[in-house]
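Naming convention: chains lettered A, B, ... in sequence-line order (proteins, then strands); numbering from 1 in each chain.
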There are 2 protein chains.
Amino acid sequence: MLNDKSLATAPDCADCPIRHRAVCARCETDELERLEEIKYYRKFEAGQTVIWSGDRMDFVGSVVSGIASLTQTMEDGRTQMVGLLLPSDFVGRPGRSTAAYDVVATTDLVMCCFRKTPFEEMMVRTPHIAQRLLEMTLDELDAAREWMLVLGRKTAREKIASLLSIIARRDATLKTGKLEGALVFDLPLTREAMADYLGLTLETVSRQMSALKKDGVIQLEGKRHVTIPDMARLMDEAGDDADGGILA
Amino acid sequence: MLNDKSLATAPDCADCPIRHRAVCARCETDELERLEEIKYYRKFEAGQTVIWSGDRMDFVGSVVSGIASLTQTMEDGRTQMVGLLLPSDFVGRPGRSTAAYDVVATTDLVMCCFRKTPFEEMMVRTPHIAQRLLEMTLDELDAAREWMLVLGRKTAREKIASLLSIIARRDATLKTGKLEGALVFDLPLTREAMADYLGLTLETVSRQMSALKKDGVIQLEGKRHVTIPDMARLMDEAGDDADGGILA
DNA sequence: GCCGGGCCTTGATGCAGATCAACAAAAGGG
DNA sequence: CCCTTTTGTTGATCTGCATCAAGGCCCGGC
């Protein structure tokens with residue numbers, strides 16, 4: 001599974017984000033070593049499904065590079081994305097054996113996985129892991145609740161602005177750690193995926209993107225390359241008070 | 001703070017739900033004793049605010065009786081309820097000192113609280129607490145994501161049916177532990193609170209309640225007293241595949 | 001080169017739910 | 001008890017987004 005090329009592109013971490021995020025730095029070295037022994041890598045191409053809702057899920061893991069999405073689908077086909085997993089985000093649930101959502105690779109994707117059972121045993125022996133996971137889960141819960149406001153009360157234009165500002169912020173933090181001047185990034189989502197995240201149709205997404213472009217809130221080069229000349233302006237369009245949104 | 005009358009009404013627990021839920025049964029007795037020492041009770045009347053978003057929050061706790069809601073508000077006044085806290089649900093976040101949402105008592109409310117610092121120290125000493133909290137937080141995350149589907153993709157009628165089925169299920173589980181025959185309960189929410197939870201206006205809520213009544217999906221006696229003659233029918237109206245929704 | 005299929009944009013039209021408005025029914029409060 | 005306030009219902013109208021439909025752009029295959 002381990003693939004040198006993909007690992008070479010892992011962000012800000014020569015090894016594996018679990019070491020930085022899920023397993024905290026305070027853990028004893030021998031525990032970290034044991035974690036090394038049970039970890040493995042999985043690679044997916046854009047569009048591939050990592051796991052289907054309801055399927056047996058015998059691993060937990062985190063995103064090394066690329067983006068995965070969590071989606072829920074109703075019988076009649078309506079779908080809602082309920083989370084966007086960026087590098088270092090955690091997937092899976094200790095203590096549950098089936099997946100609650102479809103997990104799909106939105107871009108090419110590398111994940112660092114641990115078999116669930118040894119990971120759980122390790123959690124029992126290493127309290128810091130549970131505490132670190134609790135912290136991460138609480139962050140995700142905050143992000144999910146933030147998104148409930150977006151879904152429930154914001155207009156289509158505000159929704160788009162919210163999504164762009166979240167991606168822009170997260171992208172800038174990953175790349176430079178700073179949020180200054182114009183922000184430039186490539187949208188990792190199709191219009192349809194944006195629509196699924198925002199509870200809109202792709203036509204509405206397209207129209208609002210055009211409108212934000214016409215109004216100078218964003219610049220578009222091609223369909224995906226975005227420049228945000230003024231982040232404060234964008235956040236204003238998103239209806240956020242200046243501190244803005246958190247990401248799933 | 002401790003109030004005999006309100007404690008007498010605590011559901012299924014003569015003492016405090018924390019003992020059952022947040023602190024797991026496996027914890028050593030002396031740890032439980034220590035937890036006893038730092039706990040205290042707070043009582044609120046319907047409509048009172050427990051804490052405002054952004055305020056300093058130096059406690060964590062759980063609901064003993066009554067219902068509290070977590071709400072986010074935009075500057076222009078649009079509000080979205082992001083969680084409904086029923087008896088035994090946990091509030092607060094170890095490791096954060098300010099509240100992220102407004103917490104409001106929707107009905108008369110009794111909470112069992114712990115000062116945050118001793119609770120956090122206790123968490124470090126007692127690994128099972130962190131693991132139990134992780135489990136609870138993951139449940140809440142699932143519930144929040146379930147709700148994202150409701151907010152993003154369901155029609156007004158489906159939203160109402162989803163809310164009713166969640167309340168009915170939770171209420172029945174608390175009271176009898178079973179989901180058989182007709183379910184009867186009192187709505188603990190005003191039409192406005194329902195609207196805030198569902199991302200609708202109160203007029204739409206009222207209309208859809210009337211429509212569901214006219215169609216025989218629910219029976220209404222007064223404004224609050226609800227009978228569900230056929231739970232499967234209601235869940236069908238909610239657009240859920242039979243297993244239905246989870247609650248925040 | 002041409003063709004077919006993703007992906008995206010834009011236009012025309014329809015409808016679910018918001019908004020505005022009036023009133024009914026309880027629920028206090030003096 | 002009446003009066004006010006809160007809460008809920010129902011109607012009329014408006015509007016933002018969905019839906020239906022047509023076509024453009026780009027890329028990969030033949």
Practice problem: Search all heavy atoms of A/Met148 against all heavy atoms of B/Gln80 and return the closest pair with its distance. | Solution: O-CG, 3.7 Å
Practice problem: Scan residues 182-196 of chain B against DNA chain C and write down, sorted by residue number, each residue with any heavy atom closer than 4.0 Å; if none is found, say none. | Solution: none
Can you tabulate the close N/O pairs, meaning under 3.5 Å, that link protein atoms to atoms of nucleotides 24-30 of chain C?
none

Quiz item: Just how far is it from atom CD1 of A/Ile218 to atom OG of A/Ser165, taken to the nearest 0.5 Å?
Solution: 12.0 Å
Practice problem: Scan A/Pro87, A/Ser88, A/Cys112 and name whichever one has a side-chain contact (heavy atoms from CB on, under 4.5 Å) with A/Val64. | Solution: A/Cys112
Self-check item: salt bridge (Lys or Arg N to Asp or Glu O under 4.0 Å): pairs with one or both residues in residues 201-220 of chain A, sequence neighbours excluded
Solution: A/Arg157-A/Asp215
Quiz item: What heavy-atom pair brings A/Ala144 and B/Leu141 nearest, and what distance separates the two atoms?
Solution: CB-CD1, 4.1 Å
Quiz item: Considering residues at least two apart in sequence or located in another chain, which fulfil the side-chain contact (heavy atoms from CB on, under 4.5 Å) criterion with A/Ala168?
Solution: A/Leu183, A/Phe185, A/Ile228, A/Met231
Quiz item: NA contact type, B/Gly47, heavy-atom cut-off 4.0 Å: base, sugar-phosphate, or nothing?
Solution: nothing
Quiz item: Do the charged groups of B/Lys154 and B/Asp240 touch, with an N to O distance under 4.0 Å?
Solution: yes
Practice problem: Using whole Å, report how far CD of B/Glu158 lies from C1' of C/dA16. | Solution: 12 Å
Quiz prompt | Sugar-phosphate, base or nothing in reach of B/Arg224, heavy atoms under 4.0 Å | solution = sugar-phosphate
Practice problem: For the helix from C/dG1-D/dC30 to C/dG30-D/dC1, figure out the bend between the end axes, five pairs an end, and round to 10 degrees. | Solution: 30°
Exercise. Give, for atom OG1 of B/Thr204 and atom CD of B/Gln208, the distance between the pair rounded to the nearest 0.5 Å.
Key: 7.0 Å
Quiz prompt | Along DNA chain C (nearest heavy atom to each residue), the more 5'-positioned of B/Leu200 and A/Leu220 | solution = A/Leu220
Quiz item: Roughly how far apart are B/Leu151 CG and B/Leu198 CG, rounded to 0.5 Å?
Solution: 7.5 Å
Quiz item: With a 4.0 Å cut-off on heavy atoms, is B/Leu202 in touch with a base, just the backbone sugar-phosphate, or nothing at all?
Solution: nothing
Quiz item: Is there a residue in residues 207-216 of chain B whose heavy atoms reach under 4.0 Å of DNA chain D, and which residues are they?
Solution: B/Arg207, B/Ser210
Practice problem: Write down the distance between CD1 (B/Ile160) and P (C/dG17), rounded to a whole number of angstrom. | Solution: 10 Å
Quiz item: Which pairs with one or both residues in residues 218-229 of chain B pass salt bridge (Lys or Arg N to Asp or Glu O under 4.0 Å), sequence neighbours excluded?
Solution: none
Practice problem: Find which nucleotide of DNA chain D each of A/Arg157 and B/Glu203 is nearest to by heavy atoms, and output the residue with the more 5' nucleotide. | Solution: B/Glu203
Quiz item: Considering only heavy atoms from C-beta outward, does the side chain of A/Gln219 approach that of A/Pro229 to under 4.5 Å?
Solution: yes
Quiz prompt | Residue list, side-chain contact (heavy atoms from CB on, under 4.5 Å) with B/Ser206, at least two apart or on another chain | solution = none
Practice problem: List for me each residue that meets side chain to side chain donor-acceptor pair (under 3.5 Å) alongside A/Arg93, sequence neighbours excluded, and say none if there are none. | Solution: B/Asp139, B/Asp142
Quiz item: What pairs with A/Asp186 under side chain to side chain donor-acceptor pair (under 3.5 Å), at least two apart in sequence or on another chain?
Solution: A/His225
Quiz prompt | By side chain to side chain donor-acceptor pair (under 3.5 Å) - contacts of B/Asp58 (at least two apart) | solution = none
Quiz prompt | Leading and trailing nucleotides of DNA chain D with any atom under 4.0 Å from heavy atoms of chain A | solution = D/dC17 to D/dC20
Quiz item: Heavy-atom distance under 4.5 Å between the side chains of B/Thr98 and B/Trp52, does that happen here?
Solution: no
